Protein chains: 2
Amino acid sequence: MSTYPTLSPDEARKELLKLRQSIDNIDNALIHILAERFCLTQKVGELKATYQMPPSDPQREAQQIKRLREMAQSAHLDPNFAEKFLHFIITEVIQHHKAIAKQKIDKKNN
Amino acid sequence: MSTYPTLSPDEARKELLKLRQSIDNIDNALIHILAERFCLTQKVGELKATYQMPPSDPQREAQQIKRLREMAQSAHLDPNFAEKFLHFIITEVIQHHKAIAKQKIDKKNN
């Protein structure tokens, strides 16, 4: 049975706007948490570049994927989506790390 | 100047582990917030399917992109990344909405 069986079109529209307001609140939280995550990975990038550690770390990534898949399962989020999400973020982070490492090398060579 | 100019390799490794612990905490928060976001979009999907509203809404998406880009800017997050992130999430959500709409049609036809 539908969760919304008896709404008028106008009520349905109002319900949609209410849900969208909550989604917007959640997106605002996500943006701020992601900003904080990139602050941390920026520090990781500097540390790795200074101490010549490789930008990516497959073992660490495998642990992250395993942990987040399990956590997604218990939060009723599709584990495949959680894994895709982590890959999406990590791809961006590795690009940042490479840029930081390149900056350090360029500085050394100037 | 580097943020980490004088660490021993062992200290650098410890600092990396500390940063990773914070990143893991943030990822746990992200997974739970995303789970909540998908609960809300699941409700949106049901509402849209019940009242025959289209699964995607380009005008709403344009508003979301504009708002999140501005918010990203003020949070020192790359606005292009914020936009890519929203597209990534919305693509998943629209797939869910289409699946919900299909389920409703299949139920009607059975």
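The chains referred to below are lettered A, B, ... by the order of the sequence lines, with proteins before strands, and numbering in each begins at 1. All values below come from the heavy atoms of this structure, side chains included, with hydrogens, waters and symmetry mates left out. Predicted, not measured: the structure shown is a model, and the values here were computed from it.
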Heavy-atom pairs under 4.5 Å with chain A are the metric here; pick the option from B:Ile89, B:Asp24, B:Ile23 that has the most.
B:Asp24
Measuring heavy-atom distances to chain A, does B:Glu36 have an atom under 4.5 Å in its side chain, in its backbone, in both, or in neither?
both
Heavy-atom pairs under 4.5 Å with chain B - which of A:Met53, A:His32, A:Arg60, A:His76 has more of them than the others?
A:Arg60
What distance separates B:Glu61 CD from B:Ile65 CD1, expressed to the nearest 0.5 Å?
6.5 Å
Reported CD1-to-NE2 distance for the pair B:Ile90 and B:His97, which is rounded to 0.5 angstrom:
10.0 Å
Same cluster or not: are A:Ile26 and A:Phe85 linked, directly or through other Ile, Leu, Val, Met, Phe, Trp or Tyr residues, by side-chain heavy atoms under 4.5 angstrom apart?
yes
Counting heavy-atom pairs under 4.5 Å with chain A, the top scorer among B:Leu86, B:Leu34, B:Asn25 is B:Leu34
Taking atom CD of A:Gln42 and atom CD of A:Glu46, what is their separation to the nearest 0.5 Å?
5.0 Å
Linking I/L/V/M/F/W/Y whenever any side-chain heavy atoms sit under 4.5 Å apart, do A:Leu40 and A:Ile100 land together?
no
Among B:Gln64, B:Arg67, B:Lys48, which residue has the highest count of heavy-atom pairs closer than 4.5 Å to chain A?
B:Arg67
Counting only heavy atoms closer than 4.5 Å, note whether B:Lys84 contacts chain A via side chain, backbone, both or neither.
both
Most heavy-atom pairs under 4.5 angstrom with chain A, which of B:Ala75, B:Ala35, B:Pro9, B:Ala12?
B:Ala12
Non-hydrogen atoms of chain B under 4.5 Å away: do they reach the side chain of A:Asn80, the backbone, both or neither?
neither
What distance do A:Phe88 atom CZ and B:His87 atom NE2 have between them, rounded to the nearest 0.5 Å?
10.0 Å
With a 4.5 angstrom heavy-atom cut-off, which part of B:Arg20 approaches chain A: side chain, backbone, both or neither?
both
Counting heavy-atom pairs under 4.5 Å with chain A, the top scorer among B:Ile33, B:Asp27, B:Thr41, B:Asp78 is B:Asp27
Spacing of CZ belonging to A:Phe81 relative to CD1 belonging to B:Ile31, to within rounding of 0.5 Å:
8.0 Å
